[in-house]
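From a predicted model like this one, the values you see are computed outputs, not experimental measurements.
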Amino acid sequence: MIRNFSSLTRLAAIPKKTKLPPRPLWLIKEEEINEEFIKGGRGPGGQKINKTNSKVQLTHIPTGKVVTCQYSRSQEKNRKRAREILALWLEEQQDPENCRTAVLAKRERMVKQNRTKKARRKHKKSEEEEEDVAEEFDPEAELDRLLEQARSSGWKENSIR
């Protein structure tokens with residue numbers, strides 16, 4: 001089934017998490033990276049991080065950018081994570097408007113705006129319902145109506161005393 005959307009709908013659509021641009025790992029060339037493994041200082045791993053070289057430090061030779069990562073106790077996980085961080089930074093330097101981080105930030109803003117709109121609509125609807133209830137019940141009019149009903153049934157005001 002093919003659905004036709006107006007151009008306005010396309011602009012307002014939030015990109016799905018599964019349809020985001022890929023991570024730009026192709027930007028990294030291994031010959032442009034100097035990789036070192038150093039002992040950690042802080043983070044997960046307890047005392048063991050002070051004894052093992054699990055922290056990764058990547059230096060991108062052409063730009064001089066240094067990325068360190070101590071995401072976990074695993075050297076392989078840290079290598080992968082450091083490369084992702086460096087690749088995202090390189091992509092951001094090449095094309096700041098269309099990079100993955102810009103798309104993620106835009107998506108985050110759109111989701112937040114939608115939540116805010118929904119909350120405002122809900123709040124406005126509840127306020128309108130409260131106003132309708134307040135307009136429907138007028139104590140003065142209700143008292144007059146009850147007094148008129150009592151008079152028509154033969155009740156006299158002086159009989160209360």
Side-chain angles (χ1 to χ4, degrees), residues 1-139 142:
M1 174 187 222
I2 298 173
R3 296 176 74 185
N4 292 328
F5 294 106
S6 68
S7 60
L8 211 103
T9 307
R10 276 192 207 125
L11 291 174
I14 297 174
K16 297 189 180 202
K17 277 189 172 180
T18 57
K19 302 293 181 187
L20 292 174
R23 289 184 171 86
L25 294 177
W26 66 87
L27 292 174
I28 296 179
K29 297 179 180 118
E30 289 297 321
E31 59 271 2
E32 295 180 346
I33 294 178
N34 184 15
E35 181 178 52
E36 292 180 46
F37 298 102
I38 52 180
K39 287 184 172 47
R42 296 183 187 176
Q47 293 177 350
K48 176 118 173 130
I49 61 171
N50 298 327
K51 300 175 186 174
T52 60
N53 294 333
S54 60
K55 188 174 187 177
V56 177
Q57 182 174 348
L58 297 179
T59 305
H60 190 247
I61 297 167
T63 60
K65 174 73 173 171
V66 176
V67 175
T68 58
C69 182
Q70 187 186 353
Y71 171 69
S72 73
R73 285 172 50 173
S74 167
Q75 204 177 62
E76 279 303 310
K77 287 181 184 177
N78 290 337
R79 288 180 79 210
K80 184 178 178 184
R81 185 80 169 228
R83 279 173 169 68
E84 285 179 9
I85 293 168
L86 183 62
L88 288 172
W89 183 83
L90 288 171
E91 184 188 34
E92 199 171 309
Q93 298 304 311
Q94 286 182 356
D95 188 13
E97 289 91 32
N98 300 321
C99 66
R100 182 180 169 88
T101 52
V103 172
L104 287 170
K106 180 180 175 186
R107 182 184 188 285
E108 187 94 12
R109 281 192 307 273
M110 292 174 85
V111 167
K112 188 175 180 180
Q113 285 174 348
N114 280 356
R115 281 192 198 130
T116 305
K117 283 181 188 177
K118 187 176 180 180
R120 283 186 185 149
R121 277 190 302 242
K122 186 177 178 181
H123 184 67
K124 186 176 180 181
K125 184 178 178 183
S126 66
E127 279 183 347
E128 288 173 357
E129 288 174 359
E130 287 175 9
E131 287 175 4
D132 290 344
V133 170
E135 289 174 7
E136 289 174 8
F137 182 74
D138 183 14
E142 188 67 21

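- For the atom pair NZ of K117 and CE of M110, the computed distance is 8.5 Å after rounding to the nearest 0.5 Å.
- Looking at every heavy atom in both residues, E31 comes nearest to I61 through O-CD1, 4.2 Å.
- If you take SG on C69 and CZ on R79, they are separated by 12.0 Å, rounding to the nearest 0.5 Å.
- Atom CD of Q57 and atom CG of N34 lie 8.5 Å apart (nearest 0.5 Å).
- Here the side chains of K55 and N78 are not in contact, with every heavy-atom distance at 4.5 Å or above.
- With rounding to the nearest 0.5 angstrom, the CD1 atom of I38 is 8.5 Å from the CD atom of Q70.
- The shortest side-chain heavy-atom distance between Q93 and L90 does not fall under the 4.5 Å cut-off.
- One distance of note links NZ of K39 with OG of S54; it measures 10.0 Å at 0.5 Å rounding.
- Of all the heavy atoms in K77 and S72, the pair that sits closest is CB-OG, 3.5 Å.
- Residues K118 and R115 form no side-chain contact, since every pair of their non-hydrogen atoms from C-beta on lies 4.5 Å or further apart.
- Rounding to the nearest 0.5 Å gives a distance of 10.0 Å between CD of E76 and NZ of K80.
- For the pair E84 and R100, the minimum side-chain heavy-atom distance is 4.5 Å or more.
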